[in-house]
Amino acid sequence: MMSMNSKQPHFAMHPTLPEHKYPSLHSSSEAIRRACLPTPPGLVAAHHGAAGQVGAAAGLASICDSDTDPRELEAFAERFKQRRIKLGVTQADVGSALANLKIPGVGSLSQSTICRFESLTLSHNNMIGLKPILQAWLEEAEGAQREKMNKPELFNGGEKKRKRTSIAAPEKRSLEAYFAVQPRPSSEKIAAIAEKLDLKKNVVRVWFCNQRQKQKRMKFSKYFCTPKYNREMRPSTLTNKANMRTE
DNA sequence: ATGCATGAGAG
DNA sequence: TCTCATGCATA
């Protein structure tokens, strides 16, 4: 049942980026952390007032560390976004610019990932791993603030476009109902559900996997279940170039 | 901003 | 098979 895989955080391993080999990045992630920056100016160790409550609820002691403290991550993410926008750089720009940092084992990231980092919709560990990298980029970008970032990157052939499956609302509601009573259905159960909803078994399986991942995102984790955080869970809009232009 | 998907690694 | 980090495609 609870096969809580306590695995190490690993990074990029995308099939669509042959440029990098991604050699066990997490091994060098600590090196990056050290090699990068000391600690943010005044945002370090915000308030530990709520930390006690959360820590108790979580039954953890490690989150007291300023580098893994959810509040510190939250503060950094917010500051990161603000400064990125100040620089007039999009999430996609940041993602591709990361490759220019030449950090061993660190290639580019997608707009999706940068977006999720800023909105805290990543796992706690994922946030911790990405923070030093994005922090390094931010420093570089602000250091070379007077120069214009260039990202040519234009090579397109005739690749097969992936088609995204769309699960209809009724089916989705059913899935959610099943998930509520059993987040981890057996293979057989999945097959049964798939047949009932007339969906491919794999689609149902992946849906459950993704649903479980959602529960583990920072915003929905135990660290952020207090009314206060729920209130501040609102999504922002000033992110894309389009929105920035709209001003 | 987010839904569905992939693939490495672990079990 | 699952988890986990991540991304393409799309709303």
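In the text below, chain A, chain B and the rest are named by the order of the sequence lines, each starting its count at 1.
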Side chains of [X] and [Y]: closer than 4.5 Å at any heavy-atom pair?
X      : Y      : result
A:D93  : A:L87  : no
A:W207 : A:E176 : yes
A:L120 : A:M127 : yes
A:R184 : A:K189 : no
A:L197 : A:L175 : yes

Presence of [X] side-chain N/O under 4.0 Å of [N] phosphate oxygens OP1/OP2:
X      : N      : result
A:K216 : C:dC4  : yes
A:R184 : C:dT3  : yes
A:N126 : C:dT6  : yes
A:Q91  : B:dA1  : yes
A:S166 : C:dT10 : no
A:K200 : B:dC4  : no
A:S123 : C:dC4  : no
A:K172 : B:dC4  : yes

Can you tell me how far [atom2] of [N] sits from [atom1] of [X], to the nearest Å?
X      : N     : atom1 : atom2 : value
A:M218 : C:dC4 : CE    : P     : 15 Å
A:Q182 : C:dC2 : CD    : C1'   : 14 Å
A:L98  : C:dT6 : CG    : P     : 11 Å
A:L134 : C:dT6 : CG    : C1'   : 13 Å
A:Q215 : C:dC2 : CD    : P     : 15 Å
A:N210 : B:dA1 : CG    : P     : 19 Å
A:H124 : C:dA5 : NE2   : P     : 11 Å
A:K163 : B:dT6 : NZ    : C1'   : 18 Å

Subject >> Co-membership, hydrophobic cluster, residues A:I193 and A:V206, 4.5 Å side-chain >> reply: no
Output the single nucleotide from [options] whose closest atom is nearest the side chain of [X].
X      : options              : value
A:T165 : B:dA5, C:dT6, C:dT3  : B:dA5
A:Q111 : B:dA1, C:dG7, C:dT6  : B:dA1
A:L109 : B:dT6, B:dA1, C:dG7  : C:dG7
A:R116 : B:dA5, B:dT2, C:dT10 : B:dT2
A:L122 : C:dT6, B:dA1, C:dT3  : C:dT6

Side-chain-base donor-acceptor pair under 3.5 Å for [X] and [N]:
X      : N     : result
A:R217 : B:dG3 : no
A:N202 : B:dA5 : no
A:S187 : C:dT1 : no
A:R164 : B:dC4 : no

Subject >> Passing candidate, side chain to side chain contact (heavy atoms under 4.5 Å, CB included) with A:W137, options A:N100, A:I103, A:V89, A:V106 >> reply: A:V89
Subject >> Given DNA chain C, 5'-ward residue of the pair A:S112 and A:R205, judged by closest heavy atom >> reply: A:R205
Original post:
Considering heavy-atom distances to DNA chain C, does A:T121 or A:F208 have its closest nucleotide positioned more toward the 5' end?
Top reply: A:F208
